[in-house]
Amino acid sequence: MKKNTTNNVRIIHEYSKYLSEAKRLDQSTVDGVMKSINRFEKSVGHIDFNKFKAKHAIGFKKYLLNQKSIVTGDKLSKATVLTATRHLKGFYQYLVTQKGYRGKINYSDIEYFNLSEKDTRVANAKRPKKVAAVEQIVQTLEMMPCSTMIEMRDRALFAFVILTGARDGAVASAKIKHIDIAEQNFYQDAREVNTKFSKSFTTYFFPVGELPSKVLTEWIDYLTKELGYKPNDPLFPKTKLAHNKNQQFEAVGLLREHWSNADPIRKVFKRAFESAGLIYFNPHSFRNTLVRLGENLCRTPEDFKAWSQNLGHESVLTSFYSYGDVPDYKQAELLRKLAKPAGNTSLGMQEQFEQFMKFQQMMSK
C-alpha cells in the first residue's frame, strides 16, 4: 500500500488548518474534506499533488461512481460524489495559490472535477423531509418518564430543543447561567456555548405550548435547589457510570461535566420517539418543525424576520431555503385552492403585492 509523499502530508495539514482557522469551518466539515482528499489519493495511487492533470480528475469521478457505501452496500449516491468532487475542486483551487504548486497545475484542469449537468441535477434533487409536528413532539414529551434524575434530565433536554431550536452542540455546552426563565430566553454566548460560526445571539422561547417551558423550569429548579448546582454548571450534566455487581457499567447519577459530543442527545431523542411509537426525528429536525410553525403563525415580513433571527439566521432566506420547503400536503392544498374560481380579489392582490414588496425590502437589509 502506497503512502502519502512528504509534500502531500505537509500540504494536507496546511489546508486543514486553512479551513479551520481562515474559513472557520467546524471540525466535522473539515473531516469530511479530508476524507474526500484521502479518496482522491487512493484513486490516483498517492501521486504528488503537483503532478495533477485533467485525467486524474476524470479518473476520480469514475472511481467514485463505482465505489460502494460501507453503510448501505450500495453505490455511492450522486450527492456524495458531488460533495467529494467539490471538495477536491476547492482543494486544488487552494493549491494553485501555494508555493511549490503555482505554475505546476493548469487551472483549467481543475474544472474537470465538475460532474455532468445530469448527475449534478440528480445530486441536488431534494427529497421530501419528514418533519415532526409540534403536537407529536409535545405528545412524546408527555410520555417521557421522569421518576429519576436522569429521566428528568432527558425530558428537560427534549423540551429545551423544541423551545429554542438550538443545535445539539449548543445544547451539550449550555450552562445554567445561559437560561433566563423570567425572560424566557437562552443566551447562546459563543465564548462558552458551541454555536455555529462562533456567533453569539439570544433565542427567546418559541410558542410551542406550556408543557416544554414547565418541564425546563422544573428541571432548573431541581438542579439548583435540590442538587446545589451553580450558574456555571452544565444545564444538562453528563451521566455518571459505575460498575454494578456483575461488573457491568450502569448509570448511577450525574456528573458536573458537559457531554464531550452530541451523541448522547441523539440517543435520548431516539429512545423518546421509539417509546411513543413514532419514527425517529433527530434534534436538528426540530428546527424544520419550528420554521414550519413560523410559516403558519407569522403574519408579516417583520414577524418572520424576527422568527428567523431567533433561530440564529442572519438572513430570512436561510430559513426559507434551508428549512422552509412547502411540504407535499401543503403544496396539494394550495394548488386545490388555486383551482377554485376566484371572486373579486383585486384588493387582496394589492395587499399581497405590498406585503411581497415589504418582504423583499426586509431580505435586502
Side-chain angles (χ1 to χ4, degrees), residues 79 125-146 150-172 174 179 184-186 188 195-196 203-219 235-236 259 261-298 303-304 306-313 316 318-334:
K126 287 189 176 181
R127 293 174 175 81
K129 293 179 180 177
K130 292 182 179 180
V131 178
V134 172
E135 294 76 14
Q136 289 177 304
I137 292 170
V138 173
Q139 176 191 351
T140 301
L141 180 62
E142 289 174 342
M143 296 175 66
M144 293 179 73
C146 57
I150 292 176
E151 289 173 346
M152 290 172 64
R153 179 205 60 194
D154 292 351
R155 194 164 182 250
L157 165 69
F158 195 88
F160 181 70
V161 177
I162 190 56
L163 276 172
T164 63
R167 290 180 168 85
D168 51 20
V171 176
I179 310 302
Q184 298 277 282
N185 67 42
F186 169 33
Q188 303 198 38
T195 62
K196 190 173 184 179
T203 292
Y204 292 88
F205 295 170
F206 286 97
V208 290
E210 294 181 4
L211 181 61
S213 182
K214 180 175 180 289
V215 169
L216 180 64
T217 301
E218 290 175 350
W219 170 243
L235 179 62
F236 301 110
W259 280 309
N261 57 57
D263 288 344
I265 298 174
R266 288 187 279 271
K267 289 178 181 177
V268 168
F269 274 59
K270 189 172 183 180
R271 285 196 301 269
F273 282 117
E274 283 179 352
S275 297
L278 297 172
I279 64 170
Y280 169 56
F281 296 99
N282 64 42
H284 193 82
S285 73
F286 280 26
R287 294 173 67 80
N288 298 81
T289 298
L290 290 169
V291 168
R292 290 191 181 179
L293 178 64
E295 289 171 348
N296 289 327
L297 296 181
C298 297
D303 289 346
F304 198 79
W307 194 278
S308 176
Q309 187 172 301
N310 210 43
L311 284 165
H313 294 158
V316 175
T318 304
S319 299
F320 272 123
Y321 290 160
S322 300
Y323 299 94
D325 290 345
V326 177
D328 289 346
Y329 77 89
K330 191 70 174 179
Q331 181 179 340
E333 179 184 318
L334 292 172

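Note that this is a predicted model, so its numbers are computed, not measured. We count residues from 1, following the sequence as given.
Note: Thr217 OG1 to Phe205 CZ = 7.0 Å, rounded to the nearest 0.5 Å. Rounding to the nearest 0.5 Å gives a distance of 10.5 Å between CD1 of Ile179 and CD of Gln184. Taken from CD in Gln139 to CD in Gln136, the straight-line distance is 7.5 Å, to the nearest 0.5 Å. From Leu211, atom CG reaches atom CG of Leu141 across 4.5 Å, with rounding to the nearest 0.5 Å. Note that the CZ atom of Phe186 and the OG1 atom of Thr203 stand 7.0 Å from one another [nearest 0.5 Å]. Met152 CE to Trp219 CH2: the interatomic distance, rounded to the nearest 0.5 Å, is 6.0 Å.
Smallest separation of non-hydrogen atoms from Asn288 and His284: OD1-O, 3.8 Å. Nearest heavy atoms, Phe206 versus Thr164: CE1-O, 3.5 Å. When all heavy atoms of Thr289 and Ala132 are compared, the closest pair comes out as OG1-O, 2.7 Å. Residues Ala276 and Met143 share a closest heavy-atom pair of CA-CE, 3.8 Å. Across all non-hydrogen atoms, the minimal contact from Leu311 to Val291 is CD1-CG2, 3.6 Å. Here the shortest heavy-atom pairing between Thr140 and Ala272 reads CG2-O, 3.5 Å.
Between Phe158 and Phe286, the ring-plane angle classifies as perpendicular under the 30° and 60° cut-offs.
Qualifying ring-ring contact (aromatic ring centres under 6.0 Å, His included) partners for Phe281, counting only residues two or more places apart in sequence or in other chains: Phe273.
Checked by atom type and distance alone, the side chain of Trp307 pairs as donor or acceptor with a backbone atom of Leu290 at under 3.5 Å. Within the 3.5 Å criterion, the main-chain N or O of Asn282 finds a donor-acceptor partner in the side chain of Ser285. Within the 3.5 Å criterion, the main-chain N or O of Gly165 finds a donor-acceptor partner in the side chain of Arg287.
Tyr280 places none of its side-chain heavy atoms less than 4.5 Å from the side chain of Glu274. Between Met144 and Val215, the closest side-chain pair of non-hydrogen atoms is not below 4.5 Å. In this structure, Val171 and Pro283 have side chains that are not in contact, with every pair of non-hydrogen atoms separated by 4.5 Å or more.
Residues Arg155 and Glu151 are not paired through a salt bridge, judged by the lack of any N-O separation under 4.0 Å between the basic side chain and the carboxylate.
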